[in-house]
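Single-structure report; data block below.
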Amino acid sequence: MTIQIPRGTQDILPDASPKWQWMVEKARQLCKLYRYDEIKTPMFESTDLFQRGVGETTDIVQKEMYTFKDRGDRSLTLRPEGTAPVVRSYVENKMHGWANQPVKLYYIGEMFRYERPQAGRTRQLTQFGVEAIGTEDPTLDAEVIALAMSYYKSFGLTKLKLVINSLGDIESRKAHREALIRHFEPSIHEFCTDCQNRLQKNPLRILDCKVDRDHPLMATAPSILEYLNEASAKYFTDVKQTLDQMGVTYEVDPTLVRGLDYYNHTTFEIMGADFGAITTLCGGGRYGGLVHELGGPETSGIGFALSFERLLLALNAEGVEPEIANPLHCYIVTIGEAAEGKAAELLFKLRQAGITADKDYMHRKTKGQFKQADRFGAKTVAVLGDEELEKAVINVKNMASGEQQAVAFSDLPSYIKSIVDQQEG
RNA sequence: GCGAUUAUGGCGAAGUGGUUAACGCACCGGAUUGUGGUUCCGGCAUACAUGGGUUCGAUCCCCAUUAAUCGCCCCA
């Protein structure tokens, strides 16, 4: 048996990489506009970081972490998400003391979760995320949401839906949680076993349940929005107003719950075209206690994470293609062994002049080399054989018009350039 | 962790309990000497996931394993 790629991972082959480069480039450009700076953190961290940062009760920590011991008997974990590491770095590097506040960061990198692979779900995934840490300001929440939406829209995606919600502050959350338990507890035996487990663990999740969605108690369940205290309600209103002013359209969904423990106040999710079971492209929100939990000051941050794997599904679902291409300007056809050295030299000079150029390395016959050039979509083919060598010229064929012209070796780069310019113009 | 489906040459895809396992695409070569599409001709390939079992004999039947795809859970 030959060795296979590990389960849930994938190779990104050359025909797919333009799209990946495209996704990365657009993320970087957008972050420049919004003035977020890149941060890179390690792919693995102390296991404690995720246990404390993400939350002991979350699925990520309970069953999805790639945890291992190194030779020094330290427990390490391949990062399953980006926020906890960034906040760790924020605290460790005392970014709360930096002159520019809030600290606005973005990251692009691989995350690892031990899950059953499925459409839009892999064990290694690539996330782009931003974190704005150091203040609690509704316009910042709106900015982060707007950034995420702008990112998707910059690809020309149209089937997007932004859903927002507020979990309120700790006090509001707690009041709501108790109300939910009071609401469901008497009849919890009528619900699925998952929901019975959720009752104490995370009663908010019951509202998400697909099995029991038609149960009468669902419709009458207390909404978080009714339990927001004054400050939380105002904060949420301000976020919504800012989005309105920016012209970002959204839907409020009081049942929107995010999986990680650290969220409070604003949460949001962006969904895309329906491909398979998964429609969530991006998730984010504000995290209140996290910085302090990890040893920093009492401050708050907001961010989102999205995966390129799912964005790719959305791009494919809507048939979006990148404009990036790499046209071949010149293909050199050699006839006879004597031409090989000169061809290599000319290739080198063409490339030095910024012209994309290639040749045959498979000892194909002339016709085969032309076929190859055609397959590459070469703008020009330059033929070099004994006749040309004798006269110190090379015959350049314009592949669009079929015209052929003898050109002195030293004039080749400028001649190719003129034909390419002419074809493009 | 649970469930469903699938597993044939580089790719796609037929097929059978028993001699050389179709075909298409791709690739290479040729159709009078060094020129791309199309057409025609020819060539090419360690192909029946792995390990057991049933059978005189299995790629085809049964079991297990592995992997892929999809779904549940949960999430990006």
Side-chain angles (χ1 to χ4, degrees), chain A residues 1-10 13 15 54 57-64 80-83 108-129 148 152 192-195 197-198 201-202 205 208-211 257-260 268-272 275-285 303-314 331-336 339 360 362-389 395-404:
Chain A
M1 273 289 271
T2 50
I3 295 171
Q4 290 176 303
I5 193 169
R7 184 151 209 213
T9 63
Q10 57 184 148
L13 300 179
D15 64 331
V54 179
T57 63
T58 59
D59 276 20
I60 286 183
V61 169
Q62 289 196 332
K63 55 180 202 185
E64 294 174 6
E81 60 103 45
T83 301
I108 292 171
E110 282 67 41
M111 307 296 160
F112 305 86
R113 295 182 193 176
Y114 192 88
E115 299 186 275
R116 282 291 285 270
Q118 189 185 317
R121 168 184 296 162
T122 50
R123 289 185 172 180
Q124 175 176 322
L125 55 140
T126 314
Q127 286 193 331
F128 159 45
Y152 288 111
C192 68
T193 53
D194 281 333
C195 283
N197 290 330
R198 288 170 180 137
K201 212 172 99 180
N202 193 347
R205 281 232 161 273
D208 247 359
C209 183
K210 281 150 197 143
V211 181
V257 184
R258 312 242 67 258
L260 314 184
F268 68 98
E269 199 165 296
I270 297 170
M271 326 231 244
F275 35 78
I278 293 158
T279 53
T280 302
L281 294 174
C282 170
F304 68 72
L306 62 87
S307 85
F308 289 150
E309 284 78 5
R310 286 192 188 171
L311 170 55
L312 199 59
L313 290 179
Y331 185 92
I332 298 185
V333 166
T334 56
I335 302 166
D360 167 72
M362 300 301 291
H363 312 104
R364 291 186 181 87
K365 301 285 173 56
T366 308
K367 187 171 181 172
Q369 294 185 50
F370 264 88
K371 277 192 171 184
Q372 180 76 192
D374 196 53
R375 226 178 290 131
F376 285 154
K379 305 288 183 200
T380 66
V381 169
V383 182
L384 188 64
D386 293 340
E387 296 167 22
E388 287 82 2
L389 284 173
N395 272 305
V396 178
K397 181 169 184 177
N398 180 331
M399 294 298 272
S401 67
E403 288 162 18
Q404 196 160 302

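Within every chain, numbering begins at 1; the chains are lettered A, B, ... in the order of the sequence lines, protein sequences first and strands thereafter. In what follows, every heavy atom counts, from backbone to side chain, and hydrogens, waters and symmetry copies are set aside.
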Check the distance between B:C28's P and A:Met362's CE and give it to me in whole angstrom. 8 Å
Pairing partner of B:G42, by Watson-Crick or G-U wobble and under 3.5 Å for both distances, is B:C28
Within the 4.0 Å heavy-atom criterion, would you say A:Ala373 contacts the bases, only the backbone, or no part of the nucleic acid? nothing
Can you check side chain to side chain contact (heavy atoms under 4.5 Å, CB included) on A:Ile335 and A:Asp386, steps first, answer last? CA-CA 7 Å; A:Ile335 302 166; A:Asp386 293 340; over 6 Å; no
Nucleotide B:C72, atom C1' - distance to CD of A:Glu64 in whole Å: 14 Å
So what does A:Glu387 touch, heavy atoms closer than 4.0 Å: a base, only the sugar-phosphate, or nothing? base
For A:Pro80 versus A:Met111, what's the shortest heavy-atom pair and its separation? O-CB, 3.8 Å
Quick check on RNA chain B: between A:Ser307 and A:His363, whose nearest nucleotide comes earlier from the 5' end? A:His363
With C1' as the reference atom in both, quote the distance from B:G18 to B:A58 in angstrom, rounded to an integer. 9 Å
Rounding to an integer number of Å, can you tell me how far A:Phe112 CZ sits from B:C75 C1'? 17 Å
Watson-Crick or G-U wobble partner of B:C56, both distances under 3.5 Å: B:G18
Hey, does A:Gly82 reach any base, or is it just sugar-phosphate, or nothing, if we go heavy atoms under 4.0 Å? nothing
At less than 4.0 Å, is any side-chain N or O atom of A:Arg113 found next to OP1 or OP2 of B:C75? Yes or no. no
Considering non-hydrogen atoms only, spot the tightest contact between A:Met399 and A:Asp374 and give its length. CE-OD1, 4.5 Å
Can a side-chain donor-acceptor contact be found between A:Thr9 and A:Gln124 if the only test is distance below 3.5 angstrom? no
On a whole-Å scale, what distance lies between the C1' atoms belonging to B:U6 and B:G43? 34 Å
Which part of the nucleic acid does A:Lys371 contact within heavy-atom distance under 4.0 Å: base, sugar-phosphate only, or nothing? sugar-phosphate
In whole Å, measure the gap between the C1' atoms of B:U55 and B:C28 for me. 44 Å
Whole angstrom value for the distance that separates P of B:G29 from CD of A:Gln372: 10 Å
Distance in angstrom units between A:Gln4 CD and B:U65 C1', rounded: 13 Å
Atom of A:Thr122, atom of A:Gly8 and distance for their closest heavy-atom approach: CB-O, 3.2 Å
Determine the Euclidean distance between corresponding P atoms of B:C48 and B:C41; express it in Å to zero decimal places. 30 Å
Is there side-chain contact between A:Cys282 and A:Phe268, with heavy atoms separated by less than 4.5 Å? yes
Residue A:Glu388, side-chain heavy atoms: nucleotide from B:G34, B:C75, B:A68 that is nearest: B:G34
When only distance counts, do a donor and an acceptor, one from the side chain of A:Gln369 and one from the base of B:G34, lie under 3.5 Å apart? no
B:C28, B:A76, B:G37: which one has an atom nearest the side-chain heavy atoms of A:Leu125? B:A76
With P as the reference atom in both, quote the distance from B:A26 to B:C2 in angstrom, rounded to an integer. 44 Å
Would you classify A:Leu311 as touching base, sugar-phosphate or nothing, given that sugar-phosphate means primed atoms plus P, OP1 and OP2, and contacts are heavy atoms under 4.0 Å? nothing
Most 5' of A:Thr9 and A:Glu115 on RNA chain B, judged by nearest nucleotide: A:Thr9
Could you tell me whether A:Thr122 contacts a base, only the sugar-phosphate backbone, or nothing, with contacts defined as non-hydrogen atoms closer than 4.0 Å? base
Distance check: side-chain N/O of A:Gln118 vs OP1/OP2 of B:C70, anything under 4.0 Å? no
What does A:Gly129 touch in the nucleic acid at a heavy-atom separation under 4.0 angstrom: a base, only the sugar-phosphate, or nothing? nothing
Quick one: look up who B:C2 pairs with, Watson-Crick or G-U, both distances under 3.5 Å, and put none if it's unpaired. B:G71
A:Ile332 atom CD1 is separated from B:U35 atom C1', nearest whole Å, by 15 Å
B:A21 and B:A45, which share atom name C1', separated by this distance in whole Å: 14 Å
Taking 4.0 Å as the cut-off, does a side-chain nitrogen or oxygen of A:Lys365 come that near to OP1 or OP2 on B:G30? yes
Does B:C28 have its OP1 or OP2 closer than 4.0 Å to a side-chain nitrogen or oxygen of A:Arg364? yes
Confirm from the modelled atom types if A:Lys397 and B:U35 form a donor-acceptor pair under 3.5 Å, side chain to base only. yes
Go through B:C28, B:G3, B:U66 for me and flag the one nearest to the A:Arg116 side chain. B:G3
If you measure from the P atom in B:G1 to the same atom in B:G9, how many Å do you get, rounded? 29 Å
Minimum heavy-atom distance between A:Glu269 and A:Thr280, given as atom pair plus value: OE2-OG1, 2.9 Å
Measure from the side-chain heavy atoms of A:Val383 and tell me the nearest of B:G71, B:U35, B:A76. B:U35
Choose from B:A76, B:A67, B:U35 the nucleotide whose nearest atom is closest to any side-chain atom of A:Lys367. B:U35
So, does A:Arg375 get its side chain near the phosphate of B:C27, meaning an N or O under 4.0 Å from OP1 or OP2? yes
Are side-chain heavy atoms of A:Arg123 and A:Phe112 found at a separation under 4.5 Å? no
Take the protein atom NZ of A:Lys63 and the nucleotide atom C1' of B:C75, then report the distance between them rounded to whole Å. 10 Å
Smallest heavy-atom separation, A:Tyr152 atom then A:Leu281 atom, equals OH-O, 3.1 Å
A:Leu384 atom CG is separated from B:U35 atom C1', nearest whole Å, by 14 Å
Could you give the distance separating B:G15 and B:G24 at their C1' atoms, to the nearest angstrom? 15 Å
Which part of the nucleic acid does A:Gln10 contact within heavy-atom distance under 4.0 Å: base, sugar-phosphate only, or nothing? nothing
